[in-house]
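The chain is numbered in sequence order, starting from 1.
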Amino acid sequence: MNVLVYQIGQLGDTLVSIPALRAVRRYFGQSARIIMLHDVIGRLVTAEMVLGGCGLVDGFIPYPARVRGKKLRTMAALRRRLCREDFDAVVSLLPSDRPRWSLVRDRLFFRACGIRRLIGFEPYSAAEIRPRLASGRPAPIPNEANFRLRRLVAAGIGSAAEGLFDAPLLTVDRQAEQTMDRWLEHRRRYPLRPLVALCPGCKKPGNAWPVERFLEIARRLLRLEQFELVILGGPAERALADSMVSALGGEAIQAAGGFAVMESAALLSRCNLSIGLDTGTSHLAASVGVPCVVLQSANSYPGQWNPLGEGHTVVRANVGCDGCLLQTCPVAGHPCMRDITVERAWQAIEKATQRIEYEHYASHSHV
């Protein structure tokens with residue numbers, strides 16, 4: 001079988017698609033050739049950066065998602081490429097909120113590419129993905145990963161009983177582990193202390209938490225003299241991380257913006273806790289089995305973008321405009337993130353650090 005998988009989005013979207021992608025691989029078998037069609041936006045993280053070498057995908061076909069004035073030419077070139085590849089089936093791993101008209105357009109495009117078997121292109125209803133309580137407030141919904149898998153289960157591919165969500169979702173490359181172990185060896189001042197990752201940056205303004213509050217959390221952790229801190233993020237967070245390390249008097253390791261995705265995953269796998277926002281770095285930490293404390297904007301529906309796996313804590317504010325789905329908050333002061341106070345965040349972090357401190361020192365005393 002020659003199978004095309006259609007995926008859009010960057011780091012977080014790719015990671016939540018892994019359970020569904022596991023189902024695809026198991027259904028079609030190891031002998032199948034599975035190729036992922038994915039979008040590329042500038043220099044942002046692509047599916048190939050995340051899944052290359054994982055064994056779930058055999059190859060990638062990238063296409064530019066935002067090409068002004070050249071969309072028709074881009075799609076025509078992509079159609080010619082897909083026709084030459086002669087795929088037997090195409091599987092959708094598209095977001096749950098993909099509108100019906102977009103899915104109809106997708107189906108027509110893949111039919112025009114000569115692909116006859118289309119799987120997972122059915123839309124979800126508003127009642128399924130945007131339910132409301134009797135009060136009118138957003139109701140909790142399943143994780144986005146469940147929505148993507150459910151489309152396939154309806155087509156006879158995969159089931160919840162197959163262990164598709166087993167941790168870790170992402171297996172870290174051994175070479176990346178060795179690279180990051182050497183990197184840490186030359187930078188850690190307290191190698192016997194648990195390592196805590198701070199991930200203060202995010203792509204969407206509506207998910208941001210004030211930097212001074214992250215600094216206060218960092219200072220409280222440092223005052224305990226029980227943990228070592230590392231600040232992570234992508235290239236866009238490099239300056240932010242530099243300023244935080246300076247404000248902390250150098251008492252944190254700067255690791256933002258210098259590594260590939262798999263190297264960042266390897267570094268996170270060496271951490272005992274990740275503290276961050278609703279962004280790709282938090283999902284990356286969860287994918288390698290690291291407990292997370294996520295300070296989550298109320299712009300999303302509760303549950304949809306929680307980190308996958310066990311042992312995570314999500315802190316959300318209770319505001320009247322929750323579930324707005326806006327990437328930038330139009331309300332003065334950004335209440336859904338402003339109302340997550342340092343004290344409320346610290347309560348969740350304290351509980352998480354107590355657990356990891358016990359597990360860390362228990363494992364070391366056993367050794």
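- D106 has a carboxylate O that lies under 4.0 Å from a charged side-chain N of R98, or vice versa, which qualifies the two as a salt bridge.
- Closest of all the heavy-atom pairs between P191 and E228 is N-OE1, 4.2 Å.
- Nearest heavy atoms, L152 versus S92: CD2-O, 4.0 Å.
- Checked for salt-bridge contact, R344 and D339 miss the test: no charged N lies under 4.0 Å from a carboxylate O.
- For the pair T46 (side chain) and V40 (backbone), a donor-acceptor distance under 3.5 Å is absent.
- I34 is connected to M1 through a chain of hydrophobic side-chain contacts under 4.5 Å among Ile, Leu, Val, Met, Phe, Trp and Tyr, so both are in one cluster.
- At a threshold of 4.5 Å between non-hydrogen side-chain atoms, the residues S274 and C199 count as touching.
- V91 and V104 are assigned to two separate hydrophobic clusters, defined by single-linkage of ILVMFWY side chains at heavy-atom distances under 4.5 Å.
- A348 and T313 make their closest contact through CB-CG2, 3.9 Å (heavy atoms, listed as atom of the first residue, atom of the second, distance).
- Here the closest non-hydrogen pair linking I157 and A23 is CG2-O, 3.6 Å.
- C292 and S282 make their closest contact through SG-O, 3.7 Å (heavy atoms, listed as atom of the first residue, atom of the second, distance).
- Between the R270 side chain and the M180 main chain, no donor and acceptor come within less than 3.5 Å of each other.
- D322 contributes no side-chain N or O that, together with a main-chain N or O of A298, makes up a donor-acceptor pair within less than 3.5 Å.
- With a 4.5 Å cut-off on side-chain heavy atoms, E144 and P95 count as touching.
- A donor-acceptor contact closer than 3.5 angstrom links the side chains of R137 and N318.
- W183 contributes no side-chain N or O that, together with a main-chain N or O of A255, makes up a donor-acceptor pair within less than 3.5 Å.
- Ion pair R189/E251 flagged as a salt bridge, since at least one NZ, NE, NH1 or NH2 atom sits closer than 4.0 Å to an Asp/Glu carboxylate oxygen.
- Note that CG of L229 is 11.5 Å distant from CZ of R219, once rounded to the nearest 0.5 Å.
- Using a 3.5 Å distance cut-off with no hydrogens or angles, the side chains of Q7 and D13 do not pair a donor with an acceptor.
- Counting non-hydrogen atoms of neighbouring residues, nucleotides and ligands closer than 6.0 angstrom, the CD atom of Q175 reaches no more than 12 such neighbours.
- Atom CD of E310 has 12 or fewer heavy atoms from other residues, nucleotides or ligands within 6.0 Å.
- In this structure, T353 contributes its side chain and I349 its backbone to a donor-acceptor pair below 3.5 Å.
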- Query: Passes side chain to side chain contact (heavy atoms under 4.5 Å, CB included), T14 versus M49? Steps please.
  - Reply: CA-CA 10 Å; T14 302; M49 295 177 187; over 6 Å; no
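- Using a 4.0 Å cut-off between charged nitrogen and carboxylate oxygen, R220 and E343 count as a salt-bridge pair.
- Not a single donor-acceptor pair under 3.5 Å links the side chain of R148 to the backbone N or O of S17.
- Using a distance-only test at 3.5 Å, with no hydrogens or angles considered, no donor-acceptor pair links the side chain of Y63 to the main chain of L78.
- R33 and D88 are not joined by a salt bridge, as no carboxylate oxygen comes within less than 4.0 angstrom of a charged side-chain nitrogen.
- A donor-acceptor pair is defined here as one N or O able to donate and one able to accept, closer than 3.5 Å; such a pair exists between the side chain of N2 and the backbone of E85.
- Going from atom CD1 of I115 over to atom CZ of R107 covers 12.0 Å, rounded to the nearest 0.5 Å.
- Formation of a donor-acceptor pair under 3.5 Å by the D39 side chain with backbone atoms of G9 is found in this model.
- Checked by atom type and distance alone, the side chain of R130 never pairs as donor or acceptor with a backbone atom of D97 at under 3.5 Å.
- To the nearest 0.5 Å, atom CD1 of residue I340 and atom CG of residue L295 are 5.5 Å apart.
- Taking the ring centre of F109 as origin, the terminal cationic atom of R79 falls outside the region bounded by 6.0 Å and 45° from the ring axis.
- A salt bridge is defined here as a Lys NZ or Arg NE, NH1 or NH2 lying under 4.0 Å from an Asp or Glu carboxylate O, and R182 with E263 fails to meet this definition.
- Closest approach of C54 to V57, counting heavy atoms only: SG-N, 4.3 Å.
- Under the 4.5 Å side-chain heavy-atom criterion for Ile, Leu, Val, Met, Phe, Trp and Tyr, Y190 and L248 are members of distinct hydrophobic clusters.
- With respect to the salt-bridge test (charged N to carboxylate O, under 4.0 angstrom), the residues E225 and R193 do not qualify.
- Counting only heavy atoms from C-beta outward, the side chains of R174 and Q178 approach each other to under 4.5 Å.
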